[in-house]
Amino acid sequence: MGRVGVLLLNLGGPEQLQDVRPFLYNLFSDPEIIRLPFAWMQKPLAWMISTLRYQKSQENYKAIGGGSPLRRITEEQALALQGSLQEKGHDIRVYVGMRYWNPFTEEAVAKIKRDQIEDLVILPLYPQFSISTSGSSFRVLEKLWEQDPSLQKIDYTVIPSWYSRPGYLQAMTELIQQEIEHCEQPEQVPIFFSAHGVPVSYVEEAGDPYRDEIEGCTAAIMQTLNRPNPHVLAYQSRVGPVEWLQPYTEEAILELAKEGVKELVVVPISFVSEHIETLEEIDMEYRELAEEAGIEKFHRVPALNTHPVFINDLAEMVIEALDAPNIKFSDVAHPGKKTKMYPQESWEWGLTTTAEVWNGRLAMLGMIGILIEIMTGQGPLHFIGLL
Ligand SMILES: C=CC1=C(C)c2cc3[nH]c(cc4nc(cc5[nH]c(cc1n2)c(C)c5CCC(=O)O)C(CCC(=O)O)=C4C)c(C)c3C=C
Ligand SMILES: [Fe+2]
Ligand SMILES: [Fe+2]
């Protein structure tokens, strides 16, 4: 085996308030996040949504100290993983590639080339697979590989998801157990799993295995925890007007409050680092909602970050992947090119010539509407909550 590397994939987050707008532009330019019927509309729409959304988003980042901690934590995880691999006798370099912000995936790949890595394990820091997260990063890599013969010489393998790993489950249950011990009624307190949502169409039309993996992950954590407490699974962070996976976290919290629940342990499960959706959305927004509804004690389980059991498991996963048969980008779930990811439409785009003509006209009308909305700050997109 030649020089070995690990590429950790993550989403990225704005480090300063001035990064928020270009970060959002990158995110909404991704057809794995929003796919429009015409590719040419993607960039103008991304520009429009980022322009209109960034101030609201900046307020949230301001509330957590002026930027996302994601880069710092991911780099700490990379360093800890490299150290753990070293301790196990493996001289392996660990690289970080973010999808929407620095350090970008493309920069990480350039370093991998520069360091003449010959064997590469590609490991997303998302325990469960979604076409909108790991899938989107794999797609960027797949394109880079297609365009560059020198990358094609690298013997690479991807790890699509790893939510059922024993070390991950053990680390999660340790953190949950610690939080339960702080509760007034540890035997009865409900354990509330809050997963990041995705639009229902990703799962039901595009074949995203995300919901199955989240449900499998929740069941595996409960089994490892081996406690009598009741548990609930709900989905947070909905954006835009379409239906996302249900139940929604806010509705599930209100439902528990209505049932008379006074204490709750909330477990974020889609992500292994603290970020805006744990620090702001759960710790501030959902806490306030719960307290106003009568839930007096709102506990939140911390993210794994550099938990030693978790880091050790990542290292073992890498070593096992080097010996296992390779998994290629083409082996991982891809949404069909024509799949409408978001927004959902009942209109059958492009099925007939007439439809094509009307699609073009409607698209043009849509763009005029968007321009009016940008100039006036009012319109249907504000009304439905997308902006
Ligand atoms: C609009 C669609 C979105 C989908 C689908 C989506 C899926 C998804 N996202 C994460 C994890 C993260 N998302 C983050 C930021 C973020 N995500 C969206 C939208 C979608 N996400 C937006 C608009 C933003 C920007 C923040 C905001 O304005 O609300 C981040 C970065 C957080 C940070 O600290 O900066 C993470 C992480 C998962 C796991 C997921 C699907 C499974
Ligand atoms: Fe989100
Ligand atoms: Fe997101």
Side-chain angles (χ1 to χ4, degrees), residues 1-13 15 68-129 133-138 140-142 144-145 148 150-151 153-163 165-168 170-172 271-275 303-324 326-329 332:
M1 206 177 279
R3 287 186 192 200
V4 187
V6 175
L7 173 56
L8 292 181
L9 300 174
N10 212 332
L11 190 131
E15 288 163 79
S68 171
L70 208 50
R71 180 180 189 163
R72 175 182 55 76
I73 297 170
T74 310
E75 285 175 347
E76 285 167 8
Q77 288 167 328
L79 211 62
L81 172 59
Q82 195 165 291
S84 179
L85 287 164
Q86 195 88 50
E87 277 171 23
K88 292 176 194 298
H90 294 268
D91 183 18
I92 298 179
R93 286 189 206 181
V94 182
Y95 303 83
V96 170
M98 301 290 197
R99 179 66 183 86
Y100 307 118
W101 203 246
N102 294 303
F104 286 101
T105 311
E106 292 80 352
E107 293 166 38
V109 169
K111 281 191 193 155
I112 286 166
K113 269 176 67 176
R114 192 194 59 203
D115 292 348
Q116 298 176 333
I117 295 297
E118 291 163 64
D119 287 273
L120 182 67
V121 176
I122 300 173
L123 172 55
L125 283 173
Y126 308 96
Q128 311 84 13
F129 179 87
T133 53
S134 308
S136 171
S137 287
F138 292 161
V140 168
L141 290 169
E142 190 172 22
L144 292 173
W145 250 252
D148 189 338
S150 66
L151 289 176
K153 291 189 197 130
I154 299 177
D155 186 16
Y156 78 87
T157 186
V158 304
I159 301 179
S161 66
W162 40 269
Y163 62 89
R165 293 276 314 177
Y168 164 72
Q170 193 199 325
M172 285 297 285
F271 217 61
V272 294
S273 320
E274 297 296 353
H275 64 295
L304 289 168
N305 293 347
T306 52
H307 192 295
V309 177
F310 166 57
I311 297 294
N312 183 62
D313 200 37
L314 288 183
E316 282 176 7
M317 207 186 320
V318 167
I319 295 165
E320 286 167 29
L322 287 168
D323 282 337
N326 286 350
I327 301 176
K328 298 290 165 193
F329 301 125
V332 183

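Numbering starts at 1 and runs along the sequence shown. Hydrogens, waters and symmetry mates play no part in the numbers below; they use all other heavy atoms, side chains included.
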For the side chain of Q77 and the backbone of N305, is there at least one donor-acceptor N/O pair under 3.5 Å apart? yes

Answer whether the closest heavy-atom distance between the side chains of I154 and E118 falls below 4.5 Å. no

Please round to the nearest 0.5 Å and tell me the distance separating atom CG of L81 and atom CZ of F310. 9.0 Å

Checking side-chain contact (heavy atoms from CB on, under 4.5 Å) for the pair Y156/L151: CA distance, chi angles, key distance, verdict? CA-CA 9 Å; Y156 78 87; L151 289 176; over 6 Å; no

Can you label the angle between the F271 ring and the Y126 ring as parallel, tilted or perpendicular, going by 30° and 60°? tilted

Indicate yes or no: at least one non-hydrogen side-chain atom of P103 is less than 4.5 angstrom from one of E75. yes

Are any non-hydrogen side-chain atoms of L322 and I92 less than 4.5 angstrom apart? yes

For the atom pair CD1 (I122) and NZ (K328), what is the distance rounded to the nearest 0.5 Å? 8.0 Å

Locate the shortest heavy-atom distance separating N102 from R71; write the atom from each residue and the value. CB-NH1, 3.6 Å

Evaluate I159 against M317 for side-chain contact (heavy atoms from CB on, under 4.5 Å), listing each step before the verdict. CA-CA 9 Å; I159 301 179; M317 207 186 320; 4.0 Å; yes

On a heavy-atom basis, which atom in V109 and which in L141 lie closest, and how many Å separate them? CG2-CD2, 3.6 Å

With a 4.0 Å cut-off on N to O distance, would you call D115 and R93 a salt bridge? yes

Output yes when E107 and K111 qualify as a salt bridge under the 4.0 Å nitrogen-oxygen rule, no when they do not. no

Closest approach of A321 and V121, non-hydrogen atoms and distance? CB-CG1, 4.0 Å

Taking the side chain as everything from C-beta on, heavy atoms only, tell me whether H90 gets closer than 4.5 Å to V4. no

Once you round to the nearest 0.5 Å, how far does CG of L314 lie from CD1 of I319? 11.0 Å

Is any side-chain heavy atom of L11 less than 4.5 Å from a side-chain heavy atom of H275? no

So which heavy atom on F104 is nearest to which on R99, and how close? CD2-O, 4.1 Å

Are any of the side-chain heavy atoms of P160 and I327 separated by less than 4.5 Å? yes

Spatial distance of atom OG (S137) from atom CD (E142) [nearest 0.5 Å]: 12.5 Å

Straight-line distance of D119 CG to N326 CG, nearest 0.5 Å: 8.5 Å

Minimum side-chain heavy-atom gap S134-L9 below 4.5 Å: no

Check the pair Q82, V6 against side-chain contact (heavy atoms from CB on, under 4.5 Å), reporting the backbone distance first and the verdict last. CA-CA 9 Å; Q82 195 165 291; V6 175; over 6 Å; no

Return the orientation label for the F138 and F329 ring planes: parallel under 30°, perpendicular over 60°, tilted otherwise. tilted

Among L79, L85, L7, whose side-chain contact (heavy atoms from CB on, under 4.5 Å) with V94 holds? L85

Is there a side-chain contact (heavy atoms from CB on, under 4.5 Å) between D313 and Q170 once you walk through the steps? CA-CA 10 Å; D313 200 37; Q170 193 199 325; over 6 Å; no

Between A315 and S84, which heavy-atom pair has the shortest distance, and what is it? CB-OG, 3.4 Å

Could you state the interatomic distance from CD (E87) to CG (N312), rounded to the nearest 0.5 Å? 8.5 Å

Closest contact, heavy atoms only, L70 versus M98: O-CE, 4.1 Å

